[in-house]
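In this text, all values refer to a predicted model and were calculated from it rather than measured experimentally.
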Amino acid sequence: MTTVSSIESKDVHKIVVACDAGMGSSVMLASQLRKQLKSAQVQVEHTPVNSIPADADVVVCHVGLADRARATAPSVVLIPFQVFIGDPAVAKLVSTIKSGGTING
């Protein structure tokens with residue numbers, strides 16, 4: 001399977017916040033993204049990194065889980081981040097979805 005590295009913002013319908021166990025910080029981040037993207041009609045879910053659904057368009061996960069996320073969902077754009085709240089990569093994702101353009105993983 002080919003690794004996907006970009007997607008047009010208009011084609012993003014589902015974002016998955018992947019984490020190690022499926023609880024805690026990822027739930028907070030998913031909730032924050034849901035609020036920020038409410039007007040964009042984008043569905044946001046959180047899930048364990050080994051259970052990323054096939055219909056995800058973008059996966060957001062901590063850099064420490066990026067390799068596992070790529071192995072689980074190689075055909076999805078991956079946005080790795082360093083910090084759960086206020087990370088520039090996540091802010092850029094939200095901004096690009098709202099304003100339009102290409103999302104690069």
Contacts under 3.5 angstrom, residues 93-101 side chains, donor-acceptor by atom type, not counting sequence neighbours:
unit_1 : atom_1 : unit_2 : atom_2 : d
Thr96  : OG1    : Lys92  : O      : 2.9
Lys98  : NZ     : Gln36  : O      : 3.1
Ser99  : OG     : Ser95  : O      : 2.8

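In this structure, His62 and Phe84 have parallel ring planes: the angle between them is below the 30° cut-off, well short of the 60° mark.
Side chain of Arg34 to backbone of Val44: a donor-acceptor contact under 3.5 angstrom is found. Looking only at distances, no side-chain donor or acceptor of Asp87 sits under 3.5 Å from a matching main-chain atom of Phe81.
Contact detail for Ile79 and Asn104: the closest heavy-atom pair is CD1-O, 3.6 Å. For the pair Ile52 and Thr47, the tightest heavy-atom approach, listed with the atom from each and the gap, is CA-CG2, 4.1 Å. Nearest heavy-atom pair across Ala69 and Cys61 is CB-SG, 3.8 Å. The two atoms that bring Ala18 and Val59 nearest to each other are CB-CG1, 4.0 Å, heavy atoms only. Nearest heavy-atom pair, Val16 versus Ala56, reported as atom, atom and distance to 0.1 Å: CG2-CB, 3.6 Å.
With rounding to the nearest 0.5 angstrom, the CG atom of Leu65 is 9.5 Å from the OG atom of Ser26. Rounded to the nearest 0.5 angstrom, Ser25 OG and His46 NE2 are separated by 11.0 Å.
Side-chain contact between Val90 and Leu29 is present, with at least one heavy-atom pair separated by less than 4.5 Å. Using a 4.5 Å cut-off on side-chain heavy atoms (C-beta onward), Gln43 and Ile15 make no contact.
More than 12 heavy atoms of other residues, nucleotides or ligands lie within 6.0 Å of CG in Asn50, so this atom counts as buried by the packing criterion.
For the side-chain hydrogen bond (donor to acceptor under 3.5 Å, both in side chains) condition, the pairs that include at least one residue of residues 6-16, sequence neighbours left out, are Glu8-Thr102, Lys14-Glu45, Lys14-Asp55.
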